[in-house]
Amino acid sequence: MSLLDVRDLSVVFQRRGERPFTAVDKVSFTVEPGQTVGLVGESGCGKSVTSLAIMGLLPKRGNKVTGEVLFEGTDLLKLRPDDMRDRRGREISMIFQDPLSSLNPVIPIGIQVAEVLERHQGRDRKQALRESRELLDAVGIPDPQRRLTEYPHQISGGMRQRALIAIALACKPRLLIADEPTTALDVTIQAQILTLLKQLVDETGTALVMITHDLGVVAGLCDTVNVLYGGKVVERERRHELFAHARHPYTHGLLNSVPRLDSPRGERLHAIRGSVADNIPWVEGCAFAPRCDNVVDACLEGPPPLEPTATGGDLRCNNPVSEEVAVR
Amino acid sequence: MSDPTTQAGTPAPRSGDDKPRPGMSERSIGVLGDRKKARLDELARASAADRGGVSLVRDAARRLRRNPVAIIGAAIVGLFVLVAIFAPLIAPHDPVQRFDELTKNLTVDTIPGASGEFPLGSDPLGRDFLSRMIYGARQTLFVGVLATLIGLALGVLIGAIAGAFGGWVDVVLMRLTDVMLALPSLLLAITLVAMASRSSQWTVIFAVAIVSVPIFARLLRGSMLAQRESDHVLAARALGVKERNIVLRHMLPNSLTAVIVQATLTFAVAILDAAALSFLGLGDPDINRAEWGLMLGVDGQRYFEVRPELAYYPALAIIVVALGFTLLGEAMREAIDPKNRR
């Protein structure tokens, strides 16, 4: 049994007087224990909404979530709010993009770590603080004893993200969802945080769902990659396969638009034409068709199905990029 | 990820950048005098020290100290509070005692003026006017503090409930505050005092407090709603923090700043409202109580032709103290405004 089995997860935002907007459209993927899975796509492709839906953190009103989110066989979407609350932070944790705004500005770092332990592990304050110090030490925060009493604004961005990781991993959850954990950080700090995440999930056996738009992050970390476009999975592949032979024109375009050290001087960067449409009409065909170089007639007739590939992945495309012209 | 121009062995010529750059070469550092070098080191140390955690409070305090308006406001408020607290030590006489040497000179159209023993002269009942002014500060502080605190407590309670629950609870509470805001505050206060069976200083305090409740409630509710959408509240939810703790530990403490500043401003309004109620004869009926509004309204008005000082001094005291709190409050509001952060 997979640790996390997301089946046909859909999220439809419905506001009064407006047309419903499908942010996530029948997304399915699985995460095995200890595995690192990437959800990749550009802004608005539904990756953050997917993660919030799994956590049960979408607003109560104004949206409809359908499908199943099986966590060790239990459908999280059917749990009572109290039960789900007890699991959050203990069995499933999440870290967010902006480490400064994700920490409570008026509570010292140490207390913020300790409170999670008190909440889920029933520790008393003294013991929780002792464990907090060890946790801060484990995520590589120098002088953890002093940090216990410091406020978020007093420490650096990289340290804040380390503190958030310490909080998220305090109860040794089996699944960690990281929503663009390095986007708000300097490039040098990004690498440190990614290394730390990798080391921690390897040590603790925590499975990791990495949500990112940065293919560099995927390349360094993920076992399997799900590429999302317009709320649907368009390609799923093991990491090496994906980087060697991206077959969906969108993935291919993404990989091609990464600037490379060895590209000839003067060569222009590749770009994918156009931008994401506001309401993506999968019903009228492939949502990527207007921006696709490989578009064929079938693309405009209806959404192409997600079909298994020879390499063990899945692909939603009528006219995939052939392997000969795949990225260098 | 990498700028292609940095990959080349030699710097690529860039268009629009043909002037030689005025950057510091090794030589230009070398010719700096020792004094300048020391100054540079000092600046570097200062900026390094400065960056080590400038908290919002410390940053705001620093900006307050630099603001002359805040200094003036704080000086007035400080002096007022000192006078109020140490009134028995400062006042030359008992404020309720009627002195024979004053009463014997009282007639319909003469009230004894300043003399050595009574620096501001007598009030219409032969009591020491200066001592009554000093004790009036005490009464004003007492009414202002209590009215503001009661108003703050009720306002915070209503605002926090509305902000925490949202939905129909929010709608009902906010419409109630709208009704209260729709009435002019002094009119509402007068109505409340009139509704009380027997007026005392407590009816004044209560009326002034109630009038300030909707402002606190609205303000807090607004920041609570903003906090509810904040990242750290979402992060707290993601950790399974209970709803009660999200409200009490995350939303409320982060919403209080604006309300606390508003309290300083409300204090000024409370002083004015309380004085106005006394002036209109709706205050404490105790004739022995030294209260600026009462002194202005009864003695000052009735004997204005005889001794206008009886009106001038209480009026001036009310204005100056209200101004002091307003200046301090406005300066505080400016200081904590993130838009003013440098």
Side-chain angles (χ1 to χ4, degrees), chain A residues 51-52 55-57 59-61 81-82 84-107 111-112 115-116 119-120 150-156 164 167-168 170-171 173 177 179 187 214-216 258-267 269, chain B residues 1-14 48-60 165-168 170 223 225-257 260 336 338 341:
Chain A
S51 63
L52 291 176
M55 295 292 288
L57 288 175
K60 280 178 227 136
R61 280 176 285 240
D82 282 353
M84 188 60 208
R85 194 159 26 236
D86 286 342
R87 285 173 193 247
R88 282 200 292 263
R90 187 164 56 101
E91 293 177 358
I92 312 177
S93 271
M94 185 160 177
I95 49 180
F96 295 90
Q97 186 171 346
D98 184 350
L100 178 56
S101 59
S102 300
L103 288 162
N104 186 338
V106 301
I107 301 181
I111 308 288
Q112 298 198 43
E115 281 184 343
V116 188
R119 164 77 174 89
H120 290 297
E150 284 189 337
Y151 290 87
H153 66 264
Q154 292 174 300
I155 63 175
S156 70
L164 276 175
I167 292 172
C171 301
I177 300 176
D179 188 354
V187 184
D214 186 346
L215 288 165
V258 175
R260 300 173 70 99
L261 289 180
D262 55 359
S263 60
R265 282 180 49 72
E267 191 186 81
L269 274 178
Chain B
M1 306 259 164
S2 67
D3 179 1
T5 57
T6 60
Q7 293 308 311
T10 51
R14 283 190 208 154
D50 210 32
R51 282 168 56 157
V54 181
S55 78
L56 183 64
V57 175
R58 216 180 307 164
D59 192 45
F165 288 94
W168 64 268
D170 181 33
S223 13
L225 288 185
Q227 284 295 322
R228 192 216 287 268
E229 304 300 321
S230 73
D231 284 352
H232 68 87
V233 167
L234 182 67
R237 291 224 162 87
L239 289 170
V241 177
K242 291 192 171 132
E243 202 56 35
R244 187 172 54 102
N245 281 340
I246 285 183
V247 171
L248 293 180
R249 306 266 301 156
H250 290 260
M251 283 161 63
L252 192 56
N254 284 297
S255 308
L256 283 177
T257 336
I260 288 166
I336 62 154
R341 292 196 82 174

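A, B, ... follow the sequence lines: proteins, then strands. Residue 1 opens every chain. All figures in this text were calculated on a predicted structure; none of them were measured in a lab.
For A:F96, the part lying near chain B is the side chain, with the backbone staying farther off; criterion is any non-hydrogen pair under 4.5 Å. When heavy atoms are compared at a cutoff of 4.5 Å, A:N104 approaches chain B by way of both its backbone and its side chain. Residue contact with chain B, scored on non-hydrogen atoms closer than 4.5 Å, involves the side chain of A:E115 exclusively. Residue contact with chain A, scored on non-hydrogen atoms closer than 4.5 Å, is absent for B:V233. Within the 4.5 angstrom heavy-atom criterion, only side-chain atoms of A:L52, from C-beta onward, approach chain B.
Here the closest non-hydrogen pair linking A:R85 and B:K242 is CD-CA, 3.9 Å. Closest of all the heavy-atom pairs between A:H120 and B:G240 is NE2-CA, 4.2 Å. Heavy-atom minimum distance, A:S101 versus B:D231: OG-OD2, 2.7 Å. Shown here for A:M94 and B:A238, the closest heavy-atom pair between the two residues is CB-CB, 4.1 Å. Residues B:A235 and A:S102 share a closest heavy-atom pair of CB-O, 3.4 Å.
Of all residues spanning residues 244-252 of chain B, those with a heavy atom less than 4.5 Å away from chain A's heavy atoms are B:R249, B:H250, arranged by number.
Rounding to the nearest 0.5 angstrom, the gap separating the CG atom in A:L57 from the CG atom in B:L234 is 5.5 Å. Atoms CD1 and CG, on A:I107 and B:N254 in that order, are 8.0 Å from each other to the nearest 0.5 Å.
Note: A:P105 leads A:P105, A:S93, A:G56, A:A170 in heavy-atom pairs under 4.5 Å with chain B. Interface check for chain B: of the options A:I95, A:L103, A:D82, A:D98, the most heavy-atom pairs under 4.5 Å are formed by A:L103.
In this structure B:P253 satisfies the side chain to side chain contact (heavy atoms under 4.5 Å, CB included) test together with A:V106, sequence neighbours excluded.
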Item to check | CA sep, side-chain torsions, deciding dist, call: B:R237, A:M55, side-chain contact (heavy atoms from CB on, under 4.5 Å) | outcome: CA-CA 9 Å; B:R237 291 224 162 87; A:M55 295 292 288; over 6 Å; no

